[in-house]
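None of these values were measured; they are calculated from a predicted model. Starting from 1, each residue takes its place in the sequence as its number.
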Amino acid sequence: MTSTHLTTIWIGGNPITYVDQGPRDAPAVVLLSGWCQDHRLFDRLVPFLSDDLRVVCVDWRGHGVDRSPVPDFGYREQAADTIAVLDDLGIDRFLPLSHSHGGWALMEIAERVGAGRVPRILLVDWLMTPPAPGFAAGLAAIQDPSRWVEGRQDLYDVWTNGHDHERVRRHLDEEMSGFGFEMWARSCRVIADAYAEFGSPLQRMAGLTEPRPIKHLFSQPTDPAYERAQIDFRARHPWFDHHMLGGPTHFPTLDVPDKVAAEIRGHLVRD
């Protein structure tokens with residue numbers, strides 16, 4: 001895991017790694033991965049942005065260059081670490097984009113810093129509806145040391161959906177699989193607890209103190225009922241929108257980065 005653009009700083013006793021590319025005086029885009037991922041999730045997206053935008057990718061604690069075990073943490077700590085990095089960099093207003101269940105931390109960030117600092121939000125392939133029984137069972141399996149590898153593979157199979165995309169395969173086999181049982185089990189527990197706390201990401205968005213434009217970009221699931229749930233939500237919350245990207249997998253920043261970049265540029269608020 002090497003990059004000439006990687007920096008590590010200490011926040012609250014934890015080393016936090018981040019990437020900071022692009023003109024320092026340009027509008028800032030902050031990219032947040034899901035659990036058991038790092039900044040490499042965005043390595044095909046950043047080149048579409050960094051010529052004229054400042055792009056910051058913040059790794060969660062325990063997810064950066066230093067993979068030493070860390071005390072337990074969840075989305076609140078992820079949010080606090082990210083805000084501390086951005087404060088240290090002097091970044092005030094920014095457009096955040098999160099992948100998958102990094103969205104729980106993004107919502108916490110948005111709530112804490114307010115709409116003045118985060119006026120718009122982009123979410124990528126986050127399961128918007130309450131967890132189906134199969135997904136809930138998978139979260140439980142990955143928390144079981146005797147079943148976690150099998151449970152993780154079940155997720156990989158859903159995410160790839162029968163497609164053999166070279167960069168996605170490497171992301172799964174090398175990058176995500178580089179995390180062990182402890183982090184995978186923690187991620188599934190935190191995700192399950194967040195669903196229990198909020199009901200669903202749609203309900204979490206509806207509970208923001210300051211509503212603001214939010215757009216969900218996704219390729220999975222393709223079930224029409226899933227899109228219908230988002231259409232119905234938008235009818236009650238006109239600040240929400242969604243767009244099906246049509247990519248082959250759960251990882252649009254890797255398999256259709258040009259489409260994600262276009263959405264980012266369309267969502268920017270420039271001074």
Side-chain angles (χ1 to χ4, degrees), residues 19-34 37 39 41-58 82 86 91-103 105-107 109-111 113-128 167-168 201-202 204-206 208 210-222 226-271:
V19 175
D20 182 8
Q21 292 186 234
R24 296 301 180 262
D25 58 350
V29 177
V30 177
L31 305 177
L32 304 171
S33 73
Q37 299 174 307
H39 57 276
L41 175 68
F42 305 111
D43 64 10
R44 297 195 69 213
L45 175 61
V46 170
F48 285 95
L49 304 172
S50 57
D51 283 349
D52 62 332
L53 298 174
R54 185 175 187 177
V55 185
V56 179
C57 311
V58 182
T82 302
L86 299 177
I91 294 174
D92 182 25
R93 193 162 76 162
F94 57 96
L95 172 65
L97 175 149
S98 61
H99 178 255
S100 191
H101 295 287
L106 191 159
M107 289 295 110
I109 292 167
E111 184 68 19
V113 306
R117 194 168 177 186
V118 174
R120 295 173 178 266
I121 292 169
L122 283 172
L123 307 165
V124 176
D125 246 275
W126 191 13
L127 188 60
M128 291 280 119
R167 183 61 186 87
V168 169
L202 292 176
R204 177 67 182 97
M205 285 182 258
L208 283 175
E210 297 177 278
R212 67 208 77 179
I214 299 176
K215 191 169 187 179
H216 179 220
L217 314 173
F218 68 101
S219 297
Q220 293 182 357
T222 57
Y226 182 65
E227 184 176 17
R228 171 52 58 185
Q230 297 177 74
I231 293 170
D232 292 344
F233 184 80
R234 176 175 170 77
R236 303 188 302 275
H237 305 91
W239 40 261
F240 175 77
D241 199 5
H242 72 281
H243 177 61
M244 290 189 69
L245 294 168
T249 76
H250 172 57
F251 304 97
T253 63
L254 293 175
D255 61 38
V256 286
D258 54 333
K259 293 184 178 181
V260 177
E263 291 286 348
I264 289 172
R265 292 186 177 280
H267 222 57
L268 279 171
V269 176
R270 297 178 183 265
D271 292 323

**Student:** Would a 4.5 Å heavy-atom cut-off, applied to side chains only, mark M205 and L202 as touching?
**Tutor:**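 They are in side-chain contact.
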
**Student:** Rounded to the nearest 0.5 Å, what's the gap from CG on D125 to OG on S100? Could you check?
**Tutor:**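 Answer rounded to 0.5 Å: 7.0 Å.
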
**Student:** With the side chain counted from C-beta on, respond yes when L208 and I214 share a heavy-atom pair under 4.5 Å apart, and no when they do not.
**Tutor:**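 They are in contact (side-chain heavy atoms under 4.5 Å apart), so the answer is yes.
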
**Student:** Could you report the tightest heavy-atom contact between L45 and P257, atom names first, then the distance?
**Tutor:**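 L45 and P257 have their closest heavy atoms at CD1-O, 3.5 Å.
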
**Student:** So which heavy atom on Q21 is nearest to which on R24, and how close?
**Tutor:**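 For Q21 versus R24, the nearest heavy atoms are C-NH1, 3.9 Å.
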
**Student:** Might you work through the side-chain contact (heavy atoms from CB on, under 4.5 Å) test for L86 and F94, ending with a clear yes or no?
**Tutor:** CA-CA 9 Å; L86 299 177; F94 57 96; 3.5 Å; yes

**Student:** Which pairs, with at least one residue in residues 210-221 and sequence neighbours excluded, count as a side chain to side chain donor-acceptor pair (under 3.5 Å)?
**Tutor:**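 The answer is K215-E263, H216-Q230.
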
**Student:** Going by the side chain to side chain contact (heavy atoms under 4.5 Å, CB included) test, name the single residue among V56, V58, L41 that passes it with L32.
**Tutor:**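 Testing L32 for a side chain to side chain contact (heavy atoms under 4.5 Å, CB included) against V56, V58, L41 leaves exactly one candidate, V58.
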
**Student:** Indicate yes or no: at least one non-hydrogen side-chain atom of R93 is less than 4.5 angstrom from one of V118.
**Tutor:**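 Of all side-chain heavy-atom pairs linking V118 with R93, none is under 4.5 Å.
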
**Student:** Decide yes or no for M107 and I121: does some side-chain heavy atom of the first lie under 4.5 Å from some side-chain heavy atom of the second?
**Tutor:**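 Yes; the side chains approach each other to less than 4.5 Å.
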
**Student:** If you apply the rule side-chain contact (heavy atoms from CB on, under 4.5 Å), what do you find for L49 with I264, and how did you get there?
**Tutor:** CA-CA 9 Å; L49 304 172; I264 289 172; 3.8 Å; yes

**Student:** Name each donor-acceptor pair under 3.5 Å that joins a side chain in residues 237-244 to protein atoms two or more places apart or in another chain, with its distance.
**Tutor:**
{"from": "H237", "atom 1": "ND1", "to": "F233", "atom 2": "O", "distance (Å)": "3.1"}
{"from": "H242", "atom 1": "NE2", "to": "E227", "atom 2": "OE2", "distance (Å)": "3.0"}

**Student:** So do the side chains of Y226 and L127 get within less than 4.5 Å of each other, counting heavy atoms only?
**Tutor:**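 A side-chain contact under 4.5 Å exists here.
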
**Student:** Any salt bridge linking D52 with R265? Criterion: basic side-chain nitrogen under 4.0 Å from a carboxylate oxygen.
**Tutor:**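 Looking at D52 and R265, the cut-off is met.
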
**Student:** Backbone N or O of L254 within a donor-acceptor pair of the R44 side chain at under 3.5 Å?
**Tutor:**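 Yes; judged by distance alone, with no hydrogens or angles, the pair exists.
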
**Student:** If you round to the nearest 0.5 Å, how far is CZ of R204 from CG of L106?
**Tutor:**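 The CG atom of L106 sits 10.0 Å away from the CZ atom of R204.
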
**Student:** Are any of the side-chain heavy atoms of L95 and V30 separated by less than 4.5 Å?
**Tutor:**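 No, their side chains stay 4.5 Å or more apart.
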
**Student:** Among L97, V55, V19, which one satisfies side chain to side chain contact (heavy atoms under 4.5 Å, CB included) with F42?
**Tutor:**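 Single side chain to side chain contact (heavy atoms under 4.5 Å, CB included) partner of F42 among L97, V55, V19: L97.
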
**Student:** Sub-3.5 Å donor-acceptor pair from the side chain of H250 to the main-chain atoms of F218, do we have one?
**Tutor:**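 The answer is no, because no donor-acceptor pair under 3.5 Å joins these two groups.
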
**Student:** Taking the basic N atoms (NZ, or NE/NH1/NH2) and the acidic carboxylate oxygens, is any pair closer than 4.0 Å for R236 and D232?
**Tutor:**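 No salt bridge links R236 with D232.
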
**Student:** Taking the side chain as everything from C-beta on, heavy atoms only, tell me whether P252 gets closer than 4.5 Å to V256.
**Tutor:**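 When only atoms from C-beta onward are counted, V256 and P252 do touch, with a gap below 4.5 Å.
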
**Student:** Roughly how far, to the nearest 0.5 Å, is CZ of R117 from CD1 of I109?
**Tutor:**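 Separation between the atoms: 9.5 Å.
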
**Student:** Any donor-acceptor pair under 3.5 Å linking the side-chain atoms of T249 with those of D255?
**Tutor:**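 Looking only at side-chain atoms, T249 and D255 do form a donor-acceptor pair, the distance falling under 3.5 Å.
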
**Student:** Does V46 form a side-chain contact (heavy atoms from CB on, under 4.5 Å) with C57? I'd like the steps, not just the answer.
**Tutor:** CA-CA 9 Å; V46 170; C57 311; 4.1 Å; yes

**Student:** Quick one: does R167's side chain get under 4.5 Å of D43's, heavy atoms only?
**Tutor:**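 Of all side-chain heavy-atom pairs linking D43 with R167, at least one is under 4.5 Å.
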
**Student:** Which atom pair, heavy atoms only, marks the closest approach of S50 to P23?
**Tutor:**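 Here S50 and P23 meet closest at O-CD, 3.5 Å.
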
